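Quick note on labels: first sequence line is chain A, next is B, and so on, each numbered from 1. What you see is a predicted model, and the numbers here were worked out from it, not measured in a lab.
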Protein chains: 2
Amino acid sequence: MTFPTIGVIGGGQLARMLAPAAEALGVRFAVLAETADAPAAQVIHDVVVGDYTDFATLKAFAETVDVITFDHEHVPPEHLEALVAAGHAVRPGPQALIFAQDKILMRRRMDELGLPNPRWAEITSVSDAEAFAAEVGLPFILKTPRGGYDGKGVRVISSLDEVGEWLREVPVLLAEEKVDFTRELAVMVGRSPMGQTAVWPVVETWQQDGVCKEAIAPAPGLSGDKAKEITEAVLTVAGALDVTGVMAMEMFETPDGFLINEFAMRPHNTGHWTQDGSVTSQFEQHLRAVLDLPLGSPEAREDVSVMVNILGAEHEDLYQPYLHVMAHDPAVKVHLYGKGVRPGRKVGHVNAYGDDRELVLARARHAADFIAGVDTDPHPRMPEATASAAATPTNLTAPNNPGEGA
Amino acid sequence: MTFPTIGVIGGGQLARMLAPAAEALGVRFAVLAETADAPAAQVIHDVVVGDYTDFATLKAFAETVDVITFDHEHVPPEHLEALVAAGHAVRPGPQALIFAQDKILMRRRMDELGLPNPRWAEITSVSDAEAFAAEVGLPFILKTPRGGYDGKGVRVISSLDEVGEWLREVPVLLAEEKVDFTRELAVMVGRSPMGQTAVWPVVETWQQDGVCKEAIAPAPGLSGDKAKEITEAVLTVAGALDVTGVMAMEMFETPDGFLINEFAMRPHNTGHWTQDGSVTSQFEQHLRAVLDLPLGSPEAREDVSVMVNILGAEHEDLYQPYLHVMAHDPAVKVHLYGKGVRPGRKVGHVNAYGDDRELVLARARHAADFIAGVDTDPHPRMPEATASAAATPTNLTAPNNPGEGA
């Protein structure tokens, strides 16, 4: 048996960050990228530039690799079914991926599994929306079930007039109650085709203007019981859907427990801390899982690990401020994606670790925001501000563009 | 200022292991590789296949990058001088690299700096050798000052007859006393053009049949005074030679102190533990140093970190045993180089870390030797065997082939 080749569909930063893991594991790694200067296409040897919505392109790429996996969830499900029917190993398989692609199917399946959903309804008419509003009140959240992005995917509905308008464009929408959560949490699991699983510690996450901005591992003050409940829930989902690779489950924490928000069946922004903070990174684990290799330890290496995103802001040139950050703190780990700067765009992240949570957070925030050119004084989320920040409707999670994988 | 491009001469495993650091730092990275399937050429996007002894090839490659650095020390010094004269940034510069290329120049410079050398002599005649033997006794060590490899570079001289024979092939040789050392040590430093330095903890190393096999960080039982003395010595060398990038200094520990064995001015096998065991790996530090970026922290992350090389042995297929190692120990970190197996060839290494040195050592040895197909029971270097193993003449350090960088 020789070393296999993994083919990743999508050339974004997630594919780019899979490359170091492939290099260490000794496996071959190829990417089907949207453009020749996509983040992964800049660095990986075996790059095909092509359109992942074109079946012939996908099929030709699949012929050159042993296992297909993903940088994003936007490949048409029917194409994936056809690849599987033609005998290609697609991991995660379309039968699992569909639940990350279609939010209504996901809500229905979570109900079937008895897992904690926010109240939700499938909306095909204004009267459906009226009935839902009567149940949960206004405002509520309305989402396109599939492929929402560019701000079109999620809205806060304060008046039912908006619903009818949107239904003329999209015939089926998903309504969800606006959850009054205390904070957001996320958990990641790796699962191999033979069913081995490994769950990383639950993390606390924070979204700024609907975009993931910070993750803290492990989630501060989370009770052992709640962590166990969350771990069991993510294992239930991974098993029931026969997920292969890594999967992220994002949640709202409530005073009573937690409610499931979303899934991603690939490495995820809330797992970037694992690159520097756990024995096995989410990127290495994803490769091990899709190859059906034994999984690595998901154990945290440090008391506290923090990830803060670098979101495009004032600086177009990141190199000079980056130099200053390195001089200021020789122990922060900067990860850049080779992307041009646009306002709010994820262009990199900073990981930091240590034993004093407030200090580690302050170091990572300073580094990320200094590189981007954001004024962080005062930081919008100082410890005492946690409660009020959490009151903003951050289940308005940011859309993922293809190649902008969260 | 935009992100610069680093050009590495040599496509071996060291260049391959620089790639993840370049990907995270966001800098561009190009390789001039000996062959299209060299370890780095398999994984890196920007690859030129060409002969590094040909000046036109070097010059054309230099034109495409901002800084030139190295996977090995075999580029002809006159070519490097010509690149510098033409205005290219070459780091480390030829004025430093020459001391890693020419062992007689190195010995002379160490004497000038007052640093501890073994007794040595330049040998151009049998009578030189007779005089040296009269001083240090037989056997002694004889080396080609430059470019020794394929077993031709180092010999143990028990009879002076051998000297005359070798001198007919190589007109100048370096004789060194056979040091009666207690163990071998190594230390690595990073140094930037503006003179910033960072020294990692001193490590204990072990050579098996003249090939680096293990490194333990930090060196067990090394006194604080001796560690300080070694750190000061490596800083003296780095400053005096105006080294840029990372440099390894290998030493013999003696009852009284230490003696300098060799230098490498690039990432080195004795620093591979830093990939998983220190805040900044030697690969990231090398890139930061040659770019004149502020250096990262060289602090160890763990009580004990161990590196054990995977040397080609029984297994031609490494994938199956590797799978078993992953199942057996989900916390060891396996690094493979994408090389075909040949007996004794470095095809990868295993890093492990923890707080119990004997356990960490046993885990890393088991993993490395199981992958290679070496019987490790009993291990040739169990704790109680340390003294006898150290009595073998292991200043017979292994030659480096181009592209086989140690």
Segment of B/A198 engaging chain A (4.5 angstrom heavy-atom cut-off): neither
Chain A contact via B/E302 - which portion, at a heavy-atom distance below 4.5 Å: side chain
A/E284 versus chain B, the contacting section by heavy-atom distance below 4.5 Å: side chain
Engaged part of B/E299 at the chain A interface, taking heavy atoms whose separation is under 4.5 Å: neither
For the residue pair B/F3 and A/Y322, does the interplanar ring angle fall in the parallel (under 30°), tilted (30 to 60°) or perpendicular (over 60°) class? tilted
Looking only at A/G296, A/A40, A/A22, the option with the highest number of non-hydrogen pairs under 4.5 Å against chain B is A/G296
So, taking the atom named CG in B/L323 and the one named CG in A/D292, what distance separates them when rounded to the nearest 0.5 Å? 8.0 Å
Give the minimum heavy-atom separation between B/L295 and A/P330, together with the two atoms involved. O-CB, 3.6 Å
Quick check against the 3.5 Å criterion: does B/K333 have a side-chain atom that pairs as donor or acceptor with the backbone of A/A24? no
Side chain / backbone / both / neither for B/Y337 at chain A, heavy atoms under 4.5 Å: neither
B/V334 versus chain A, heavy atoms under 4.5 Å apart: side chain, backbone, both or neither? backbone
Interatomic distance, CE@A/M326 vs CZ@B/R288, rounded to 0.5 Å, equals 4.0 Å
Taking every heavy atom of A/Q42 against every heavy atom of B/H45, the minimum-distance pair comes out as O-CB, 3.3 Å
Identify which of B/M17, B/H328, B/R301, B/H335 forms the greatest number of heavy-atom pairs closer than 4.5 Å to chain A. B/R301
When A/S297, A/A327, A/G26, A/G348 are compared by non-hydrogen pairs under 4.5 Å with chain B, the top option: A/S297
Between atom CG of B/L336 and atom CD of A/E23, what is the distance when rounded to the nearest 0.5 Å? 12.5 Å
